[in-house]
Amino acid sequence: GNGYADVSGISGISYVFKVTNLTPRKGSLMGGTEVIVTGEGFGNCSNVDVNFGEEFECMIASCTDTEIVCKTQKKSAKHLITNSGRHPSFGPGYVWSVQDITIAPGDTINWIWNLQVASEGTKISVHQVSDSTSDEYDGVGFKSMRGANGRFSKTFMNTGTFYYSSEPVFLDGLFMKGVIHVVAPSEDISSNLSVTMNSIEAVQEISDEVALPPREGCAMSNDLSCVADGQITDTYAFTAANCLTPSVTSIEVVSGGADSNSTGFYVHNGAKLSITGTGFSSNLCENSIKIGNSECIVESNTESLLSCVIEGSDVSLSSLANHDLMVSILNKGKAVQDLQSSLDHSIKLMPKVDSVSSTSGSWAGGNLYKLTGSGLLPEGGKDTVLVNFGEYPFAMGCQVVDANFNEITCVVPDFVSNKGGQAAMTVDVLVSMGYDSFELSLPAGENQYEFKDDLTPTVSSKDTANVVANSVVEVQGTG
């Protein structure tokens with residue numbers, strides 16, 4: 001070849017990657033504020049990151065080349081506690097490295113332990129207790145397995161004081177105790193905007209214009225004037241303000257609670273919750289309540305009281321699992337769970353059967369047996385759902401072919417081997433689900449199934465013993 005071309009006669013090529021505005025510029029200390037970043041060169045955002053200092057990342061919800069819509073998310077801290085503390089009698093390994101710690105809501109505690117010298121009865125664990133003097137599990141809080149080495153993590157969403165202990169490390173005693181104080185932040189945080197593409201920082205052109213983005217079908221009513229916008233020099237800034245952080249101070253199940261021997265929020269689908277706090281909106285459409293990923297439908301509202309109805313079918317909310325309740329207010333963000341309690345305030349949806357498709361059928365089985373209700377897809381999915389006809393030694397499984405939020409469908413087993421000379425036989429239908437094999441109650445009068453002669457078709461003859469493809473076989477019988 002002849003070498004490189006002379007390009008001195010043309011202008012260079014540049015790629016424009018810049019930010020021209022940010023709105024809104026303030027919101028909740030807990031994150032959850034939806035912001036719009038305008039500019040140029042964002043592409044499809046597949047390699048774009050949006051952050052506000054070290055405190056918040058902004059999770060991109062939608063993107064065009066000129067606009068990013070994202071939601072602030074607090075970067076939660078992770079705190080490590082190990083068994084590296086020294087016991088005055090037993091030496092290192094038998095005291096937690098941190099026995100008293102203060103964290104913020106949303107932070108995670110990671111316990112890690114490893115006994116250098118362990119016998120059969122020497123093991124460590126961690127579980128929640130009721131107070132500083134107790135070493136017994138409180139029955140509702142967090143709890144780990146016991147072992148010579150192990151780890152356990154817990155994210156604390158609620159404010160309050162949480163005490164914990166181990167089971168006896170030795171067979172004859174020694175309990176490793178600690179306390180966690182979860183305290184809501186009170187100081188405002190101002191953080192600079194950073195938009196990067198493959199670690200390349202976008203140029204920021206500063207604009208004084210700030211206008212709340214329009215919301216289709218929802219007129220804005222929240223007053224954000226309690227705090228000024230973040231100070232802008234050469235970059236946009238976002239202020240996470242205490243006065244713009246809603247708080248939840250109590251949660252109550254008004255109706256639809258499930259019977260339970262444990263303290264906590266055990267509910268059926270359709271349960272109504274009452275949520276008290278501060279900083280809610282008087283405009284219904286600005287209040288959002290979620291149970292896990294499911295919308296709790298807000299029915300009434302004031303600035304200090306919300307009521308909502310759980311409808312978990314929108315995302316097939318898994319039953320028998322703990323789901324966090326989260327309140328968010330449009331243009332403010334997430335509320336802090338300022339419940340000042342060590343109790344578990346998560347919501348556990350309990351399964352419920354309203355009806356069954358049939359209570360009798362053929363001795364030979366084969367028909368579909370359908371349970372209808374709500375919360376019928378447990379944590380663990382279809383594989384953890386068991387339907388049995390009869391009890392030992394006559395129990396036979398009904399093969400589950402489908403399980404979803406509203407229905408469980410299984411194939412009735414062939415019970416002919418248990419028939420003997422009986423014309424009919426009634427057996428109990430037993431349903432369990434979830435990792436802990438929760439026993440599900442069926443409606444009164446529908447918790448048994450009868451195998452009957454007069455519902456059993458019989459075959460008396462067929463016209464041939466040998467068949468080929470596409471041939472017609474005539475079968476005679478009754479039923």
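Note that these values count all heavy atoms, side chains included, but never hydrogens, waters or copies made by symmetry.
Surrounding CG of Asp131 are more than 12 heavy atoms belonging to other residues, nucleotides or ligands, all under 6.0 Å away. Atom CD of Glu299 sits in a crowded spot, with more than 12 heavy atoms from other residues, nucleotides or ligands closer than 6.0 Å. Other residues, nucleotides and ligands contribute only 12 or fewer heavy atoms inside 6.0 Å of the CZ atom of Arg151. Other residues, nucleotides and ligands contribute over 12 non-hydrogen atoms within 6.0 Å of the CD atom of Glu201. Residue-environment remark: CD (Gln99) exceeds the threshold of 12 foreign heavy atoms within 6.0 Å.
Residue Gly270 comes nearest to Val309 through the heavy atom pair O-CG1, 3.7 Å, listed as atom of the first residue, atom of the second, then distance. The heavy-atom pair separating Pro378 from Leu320 by the smallest distance is CB-CD1, 4.1 Å. Closest approach of Met157 and Asp324 over heavy atoms only: CG-OD2, 3.8 Å. Considering every non-hydrogen atom in both Val227 and Lys26, the closest pair reads O-NZ, 2.7 Å. Here the closest heavy-atom approach between residue Ser190 and residue Thr239 is recorded as OG-OG1, 3.9 Å. Across every non-hydrogen atom of Ala148 and Lys123, the tightest pair is N-CG, 3.8 Å.
A donor and an acceptor atom, one from each side chain of Asn51 and Asp49, are nowhere located under 3.5 Å apart. Thr278 and Ser247 form a side-chain donor-acceptor contact under 3.5 Å, judged by distance and modelled atom types alone. Side-chain contact annotation: Thr20 with Glu40, donor-acceptor N/O pair under 3.5 Å absent. Residues Ser300 and Ser307 bring a donor and an acceptor atom of their side chains to less than 3.5 Å of each other. A donor-acceptor pair shorter than 3.5 Å can be found between the side chains of Ser313 and Glu311. Side-chain contact annotation: Asp338 with Thr159, donor-acceptor N/O pair under 3.5 Å present. Side-chain atoms of His323 and Asn293 include no donor-acceptor pair closer than 3.5 Å.
In this structure, the side chain of Asp436 does not engage the main chain of Phe438 through any donor-acceptor pair within 3.5 Å. Under a 3.5 Å cut-off, the side chain of Ser166 and the backbone N or O of Met176 do form a donor-acceptor pair. Of the possible donor and acceptor atoms, one in the side chain of Asn269 sits under 3.5 Å from a partner among the backbone N and O of Gly312. The closest donor-acceptor contact from the side chain of Lys74 to the backbone of Gly106 lies at 3.5 Å or more, if one exists at all. For Asp188 (side chain) and Asn242 (main-chain N/O), a donor-acceptor pair under 3.5 Å exists by modelled atom type. Checked by atom type and distance alone, the side chain of Thr38 pairs as donor or acceptor with a backbone atom of Asn21 at under 3.5 Å. At least one donor-acceptor pair closer than 3.5 Å links the side chain of Asn83 to the backbone N or O of Asn114. Checked by atom type and distance alone, the side chain of Asn149 never pairs as donor or acceptor with a backbone atom of Trp113 at under 3.5 Å. Using modelled atom types, one side-chain atom of Asp314 and one backbone atom of Glu295 make a donor-acceptor pair closer than 3.5 Å. At least one donor-acceptor pair closer than 3.5 Å links the side chain of Ser28 to the backbone N or O of Lys334.
To the nearest 0.5 Å, atom CZ of residue Phe265 and atom CG of residue Asn322 are 11.5 Å apart. If you take OG on Ser319 and CE on Met350, they are separated by 8.0 Å, rounding to the nearest 0.5 Å. Remark: Asn447 CG to Ser441 OG distance equals 9.0 Å, nearest 0.5 Å. Taken from CG in Asp100 to CD1 in Ile180, the straight-line distance is 9.5 Å, to the nearest 0.5 Å. One distance of note links OH of Tyr164 with CZ of Phe142; it measures 7.5 Å at 0.5 Å rounding. Between the CG atom of Leu325 and the OG atom of Ser294 there is a distance of 11.0 Å, given to the nearest 0.5 Å.
Annotation: side chain of Asp107 is in contact with side chain of Ser76 (closest heavy-atom distance under 4.5 Å). A 4.5 Å side-chain heavy-atom check between Tyr449 and Ser358 finds at least one atom pair inside the cut-off. The side-chain heavy atoms of Leu440 and Leu376, taken from C-beta on, include a pair separated by under 4.5 Å. Two residues are said to be in side-chain contact when any heavy atoms from C-beta on lie closer than 4.5 Å; Cys218 and Leu330 meet this criterion. Taking the side chain as every heavy atom from C-beta outward, Ile68 and Cys45 approach each other to under 4.5 Å. Considering only heavy atoms from C-beta on, Leu368 comes within 4.5 Å of Val411 through its side chain. Residues Leu371 and Leu442 are in side-chain contact: their nearest non-hydrogen atoms beyond the backbone lie under 4.5 Å apart. The closest side-chain heavy-atom distance from Ile189 to Phe52 is not below 4.5 Å.
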_Show, in sequence, the C-alpha distance, side-chain angles and deciding distance for Asp354 and Lys352, and conclude whether the side-chain contact (heavy atoms from CB on, under 4.5 Å) test is met._
CA-CA 6 Å; Asp354 297 321; Lys352 182 182 180 183; 3.6 Å; yes
_Chi angles and distances behind the side-chain contact (heavy atoms from CB on, under 4.5 Å) call for Lys382, Val401_ = CA-CA 8 Å; Lys382 185 185 78 171; Val401 294; 5.9 Å; no
_Does Phe280 form a side-chain contact (heavy atoms from CB on, under 4.5 Å) with Asn301? I'd like the steps, not just the answer._
CA-CA 8 Å; Phe280 305 154; Asn301 63 297; over 6 Å; no
*Would Val195 and Phe17 satisfy side-chain contact (heavy atoms from CB on, under 4.5 Å), going step by step from the backbone distance to the final call?*
CA-CA 9 Å; Val195 180; Phe17 181 43; 4.0 Å; yes
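The existence of a salt bridge linking Asp402 and Lys370 is excluded, since no basic side-chain nitrogen approaches an acidic carboxylate oxygen closer than 4.0 Å.
Listed by first then second residue, pairs satisfying ring-ring contact (aromatic ring centres under 6.0 Å, His included) with a partner in residues 62-84 number zero, not counting sequence neighbours.
With sequence neighbours left out, the ring pair (Phe, Tyr, Trp, His ring centres under 6.0 Å) criterion links Tyr236 to no other residue. Phe405 pairs by the ring pair (Phe, Tyr, Trp, His ring centres under 6.0 Å) definition with nothing, not counting sequence neighbours.
Lys143 forms a cation-pi arrangement with Tyr137, by the criterion of a distance under 6.0 Å to the ring centre and an angle within 45° of the ring axis.
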